[in-house]
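In this text, all values refer to a predicted model and were calculated from it rather than measured experimentally. We count ligands from 1, going down the list as the structure has it; atoms in each ligand are counted the same way.
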Amino acid sequence: MIVGLIGCGAIANIITNNISSENININISYFYDKDIERAQNLATLNHGIAVINFEEMIDKVDLILECASPDSVKQYAPTALKKGKDMIIMSIGALMDKEFYHSIYNIAKKNNSKIHLPSGAIVGLDGIKAVSDFNLQEVNLITRKSPKSLGKDIYKKETLFEGKASQAVKKFPLNINVAATISLACNMDINVKIIVDPEVNQNVHEITVKGEFGEFKTITKNHPCNANPKTSMLAALSAIKLLKSLNETINIGI
Ligand SMILES: NC(=O)c1ccc[n+]([C@@H]2O[C@H](COP(=O)([O-])OP(=O)(O)OC[C@H]3O[C@@H](n4cnc5c(N)ncnc54)[C@H](O)[C@@H]3O)[C@@H](O)[C@H]2O)c1
């Protein structure tokens with residue numbers, strides 16, 4: 001499988017550093033970034049090809065792995081899917097725009113392409129998906145991050161946001177993909193609280209789910225990436241696992 005990357009930042013670097021050589025079926029070969037130097041650096045490290053335009057790589061790849069920004073999803077996903085290419089999308093917040101979601105869903109369906117959304121920086125999505133059709137009553141997400149991770153100059157603990165996921169992704173588009181992922185997985189505009197806390201040095205996501213099945217709670221404490229403290233290592237690792245799963249005969253916990 002030939003893979004083309006959009007975005008050559010923190011997540012892309014973790015992915016390419018950690019895709020082991022035993023995965024000979026996954027060749028991350030094309031690198032695109034609006035910052036061409038980033039694309040060139042990552043391409044050189046991975047013996048790949050840096051492209052100046054997205055269009056240069058689209059006919060050469062089987063799958064596009066987006067790890068850039070919500071804007072890039074809106075810019076490139078329709079073209080990729082129209083050409084029958086599969087996509088892994090990291091900037092999941094882009095799909096909270098319902099019109100856009102339905103538009104790329106229809107394009108993918110018509111052109112027999114697939115859209116894959118990794119579980120990202122949280123655990124528990126398997127359970128959320130499993131119970132989502134059985135009278136789900138309540139899903140809550142509390143995200144705690146340091147001022148640095150949220151890109152804020154704040155010196156005391158503060159609730160920055162309390163409301164629905166659809167509003168949270170508008171206010172914190174680069175920080176709250178997790179809220180979007182959960183909402184899409186359970187088809188519910190979930191309750192979100194975002195707390196900035198100078199005492200916290202991890203990106204912490206606490207999820208509680210209640211429904212006819214009973215209830216569960218998960219807490220994920222992520223180390224922020226050095227290259228981009230908004231991003232957690234687990235997010236990149238989940239994309240690697242998803243990429244590998246596309247070639248697996250037995251898939252567990254899907
Ligand atoms: N799903 C999740 O759980 C999860 C977790 C963390 C981050 N993310 C998202 O993944 C994306 C990448 O995160 P990151 O930490 O690697 O970011 P980053 O800032 O380290 O790197 C992003 C790269 O993409 C490039 N880029 C941005 N917009 C572009 C465009 N329109 N066209 C081409 N290149 C573009 C930038 O120049 C940069 O090099 C972000 O949108 C982030 O919000 C998702």
Shortest non-hydrogen separation from I115 to A108 and the atoms involved: CD1-CB, 4.0 Å
Could you name the option among [options] that has the heavy atom nearest to [atom]?
atom                    : options             : value
atom 34 (N) of ligand 1 : K34, M233, H205     : K34
atom 35 (C) of ligand 1 : A68, A180, S72, A10 : A68
atom 28 (N) of ligand 1 : P118, S69, G120     : S69
atom 4 (C) of ligand 1  : I14, N177, V169     : N177

[atom] - nearest protein heavy atom and its distance:
atom                    : answer
atom 5 (C) of ligand 1  : A235 CB, 3.3 Å
atom 6 (C) of ligand 1  : T231 OG1, 3.6 Å
atom 32 (N) of ligand 1 : Y76 CE1, 3.7 Å
atom 17 (O) of ligand 1 : N228 ND2, 3.3 Å

What do you reckon, does A227 put a non-hydrogen atom under 4.0 Å from ligand 1? no
Closer than 4.0 angstrom: is that true for some heavy atom of D71 and an atom of ligand 1? no
Could you tell me whether a side-chain N or O of E215 sits under 3.5 Å from a main-chain N or O of K217, the two making a donor and an acceptor? no
Is the backbone of K114 close enough, under 3.5 Å, to the side chain of D86 for a donor and an acceptor to pair up by distance? yes
Consider only side-chain N and O atoms of [X] and [Y], and report whether a donor and an acceptor are under 3.5 Å apart.
X    : Y    : result
K164 : N191 : yes
H205 : T220 : no
E66  : S91  : yes
N140 : E138 : yes
S146 : N201 : no

Answer with side chain, backbone, both or neither: which part of [X] has a heavy atom less than 4.0 angstrom from an atom of ligand 1?
X    : value
M90  : both
F54  : neither
D33  : both
K230 : neither

Which of the ligand 1 atoms, numbered from 1, are nearer than 4.0 Å to a heavy atom of [X]:
X    : answer
A121 : 3 (O)
I11  : 6 (C), 7 (C), 8 (N), 10 (O), 13 (O), 14 (P), 15 (O), 16 (O)
G9   : 16 (O), 20 (O), 21 (O), 23 (C), 39 (O)
Q75  : 31 (N)

Check whether any side-chain heavy atom of K85 lies under 4.5 Å from a side-chain heavy atom of L63, and answer yes or no. no
Cation-aromatic face contact K193/F161, 6.0 Å, 45 degrees: no
Aromatic contact, F134 with F213 (centres under 6.0 Å): no
N/O of S91 under 3.5 Å from N/O of ligand 1, yes or no? yes
